[in-house]
There are 2 protein chains.
Amino acid sequence: MALVSIPSNMDRTGREAAEDADGGRARAGELLGEVVTRRLRDDILEGRLRPGERIRQEAVARELGASRIPVREALLQLENEGLVSLAPYSGARVAKLDFAEYTELYRIREQLEPLAIAESAPRLSDEAIAQLRHLMLQIEQTRDPATWLALDRRFHLASYAAAPMPRLLKMIEGFWNSTQQYRRAFYAAVSAPRDGPLAGDQPLTVVEHRLLFDALERRDPLDAEAILRSHIRRTQLTLAGRQEVFDE
Amino acid sequence: MALVSIPSNMDRTGREAAEDADGGRARAGELLGEVVTRRLRDDILEGRLRPGERIRQEAVARELGASRIPVREALLQLENEGLVSLAPYSGARVAKLDFAEYTELYRIREQLEPLAIAESAPRLSDEAIAQLRHLMLQIEQTRDPATWLALDRRFHLASYAAAPMPRLLKMIEGFWNSTQQYRRAFYAAVSAPRDGPLAGDQPLTVVEHRLLFDALERRDPLDAEAILRSHIRRTQLTLAGRQEVFDE
DNA sequence: CACCCTCGTTTTGGATACAACCTCCGCGCC
DNA sequence: GGCGCGGAGGTTGTATCCAAAACGAGGGTG
C-alpha cells in the first residue's frame with residue numbers, strides 16, 4: 001500500500017532536460033496544493049498507485065506533513081485531469097478507464113495530435129530536431145518497458161511542443177496521462193527479456209518513428225500529420241487487440 | 001458590481017427541456033461546492049461577471065451563506081473549465097481570452113465538433129430530430145441577441161448529444177462556454193433592432209442550420225460533418241473580422 | 001444459508017481561526 | 001511631474017475543529 005512514495009527519486013531513465021524534474025519537493029513560492037498534485041500525479045503515472053485504488057485524504061496529508069485542505073485541492077485538480085474520480089462523501093479513487101472510454105480518448109487524440117504536429121513541424125528549431133533524433137535513437141535501443149514508455153512519451157510530446165497552442169498541448173498531455181495505464185500494461189505484457197529483440201508492436205513503432213522524424217526534419221506538416229494519424233490509429237488497434245489488458 | 005445574481009431566475013428564453021435548469025438552489029444530496037460552481041458559471045456565461053473582473057472568495061461566500069472552502073472548490077473547477085484564471089495569493093479573475101487563444105479554441109473546435117456530430121447523427125432519435133427542428137425554427141424568428149445566443153448553443157449541443165462520447169461532449173461544452181463572451185459581444189454589436197430583419201451573419205447562419213438539419217434528419221454523418229466544419233470555420237472568420245470585439 | 005437491517009466507526013464535507021502574502025495608496029526622491 | 005518604495009489593510013492559503021454521510025461488522029429473519 002505505497003500511498004505516496006517517500007523519497008523514491010526513481011531511476012529517471014536518462015532524462016536530461018527534465019521537463020517535470022522534481023516530483024516531490026516544493027518549488028519556490030509554490031502552493032502546497034500543487035506539490036501534492038504533482039506528487040499524486042507522479043504516483044499514478046508511474047504506477048505506484050493502481051487504477052481503482054482508494055486515496056484517503058488523511059493518509060496523504062499525514063505522509064506529506066500537510067493538512068487535508070491542500071490534499072482536497074489536489075484531488076479536485078487531478079479529477080479534472082481525468083486521473084482521479086471523486087464521489088461525494090465516498091472518497092477518491094485512481095481513475096480507471098473502461099474500454100469505451102479508452103476508445104473515445106483515442107478517437108479524440110486522433111483528431112487533435114495531427115493538428116498539433118502540423119502546427120509544430122514548421123516551427124521546430126534545429127535544437128528540437130536534434131533532441132528528437134536523440135530520443136528516437138534511444139527508444140530503438142531500449143528494452144526496459146518503463147524506459148520505453150517514458151521515452152516514447154517524451155518523443156511525441158516534444159514533436160508537438162513548437163505548436164503555438166498551449167491549451168491544445170495541455171489537453172494532449174492529459175490524454176497521454178489518462179491512457180498511460182494501458183500502455184504500461186501492454187508493454188509490460190509483450191516486451192521481451194533484457195537484451196532480447198524488440199517485441200510486440202515495437203518494431204513497427206520504430207519504423208513509424210523513423211518516418212515521422214524524417215517528415216519533421218523536413219518540416220513537412222502534411223506528411224507528419226498523415227503519418228501520425230496512422231500511427232495513433234494503429235497503436236489504438238494494437239492495444240485493443242490485447243483484451244487481457246482491459247480486464248482485471 | 002453584481003457579484004452573484006441574487007434570485008434572478010432570468011427570462012430563460014423559453015427553455016422547456018431545461019438541461020441546466022436551476023442555477024442557484026441546491027439539488028438533493030449535492031455538494032455545496034457544486035452549487036457555487038453552477039452559480040458562478042451562470043454569472044459568467046450570462047455576462048453578469050465581466051471578463052477580467054476580480055472574484056473575491058469572501059464576497060461570494062457571504063452572498064451564498066457558505067464559507068470560503070466550497071468557493072475555492074468552485075474556483076478550481078471553473079479554472080479547469082477555462083472560465084476563471086487563478087494566481088496564487090493574488091486571486092481569481094474571470095478568464096479573458098486574447099485573440100490568439102480565441103483562434104486556438106476555434107481550431108480545436110473545428111477538429112472535435114465534426115467528430116461529435118458524425119457520431120451523433122446516426123444515433124439521433126425521432127424526438128431529438130423534432131427538438132432540433134423546433135430549435136431551428138425558434139432561432140429564425142428570434143431578434144433578441146441573448147435569446148439567439150442561448151438557442152444557437154442549445155441547437156448545436158443537442159445535435160451532438162447522441163454521440164456516445166461523454167468526455168468529448170463535456171470538452172465541447174467547455175469550448176462553447178469559453179468563447180461565449182465573444183459571441184455575445186459580436187451579436188450585441190451587429191444585431192438589428194426589434195422586429196427588424198436579421199443582421200450580421202444571422203442570415204447565413206440560418207441557411208447553414210437548414211442544411212445541417214437536413215443532413216441530421218437523413219442521419220447522414222458525412223454530410224453533417226462537412227457542413228458543420230464549414231460553419232465553424234466561417235463563424236470564426238466572421239467574428240475575427242470584427243476586431244472591435246477583441247479590444248476594450 | 002443467504003439476505004437485510006442496525007449501529008458504531010471511519011471518512012469526507014464544511015466552518016472557523018490564524019498565518020502568509022499581495023495590493024494599493026501615500027510619500028519621498030530623482 | 002513621474003517613478004520607485006514602504007507600510008497598513010485586505011485577501012488568499014492553510015490548519016484545526018465540528019457535522020454529516022458512507023462503509024462495514026454483527027446479528028436477526030425468511
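Proteins come first, then strands; the chains are lettered A, B, ... in the order of their sequence lines, and each starts at number 1. Just so we're clear, the structure is a prediction, and the values are computed from it rather than from any experiment.
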Run the side chain to side chain donor-acceptor pair (under 3.5 Å) test against B:Arg50 and tell me which residues pass, sequence neighbours left out.
none
Partner residues of B:Ala61 under the side chain to side chain contact (heavy atoms under 4.5 Å, CB included) criterion, sequence neighbours left out:
B:Arg68, B:Val71
Can you name the side chain to side chain donor-acceptor pair (under 3.5 Å) partners of A:Gln236, sequence neighbours left out?
none
Using the C1' atoms of five pairs at each end, what's the angle between the two axes of the helix from C:dC1-D:dG30 to C:dC30-D:dG1, to 10 degrees?
30°
Under the side chain to side chain donor-acceptor pair (under 3.5 Å) rule, collect the residues that match up with B:Ser178, sequence neighbours excluded.
A:Arg167
Under 4.0 Å protein heavy-atom contact, by nucleotide of nucleotides 5-21 of chain C - B base, S sugar-phosphate only
------SBBBBB----S
First and last nucleotide of DNA chain D, 5' to 3', lying under 4.0 Å from heavy atoms of chain A:
D:dG13 to D:dC23
Which residues pass the ring-ring contact (aromatic ring centres under 6.0 Å, His included) test with A:Tyr182, sequence neighbours left out?
A:Tyr102, A:Phe246
Excluding sequence neighbours, so at least two apart, what forms side chain to side chain contact (heavy atoms under 4.5 Å, CB included) with A:Pro166?
B:Glu104
Give a yes/no verdict on a cation-pi contact between B:Arg153 and B:Trp148, requiring under 6.0 Å between NZ or CZ and the six-membered ring centre and an angle within 45° of the axis.
no
Please enumerate all residues that pass side chain to side chain donor-acceptor pair (under 3.5 Å) together with B:Arg72, with sequence neighbours excluded.
A:Glu73
Any salt bridge (Lys or Arg N to Asp or Glu O under 4.0 Å) involving residues 76-85 of chain A? Give me the pairs, sequence neighbours left out, ordered by first then second residue.
A:Arg41-A:Glu81
Only counting residues at least two apart or in another chain, list the ones meeting salt bridge (Lys or Arg N to Asp or Glu O under 4.0 Å) with B:Asp126.
B:Arg219
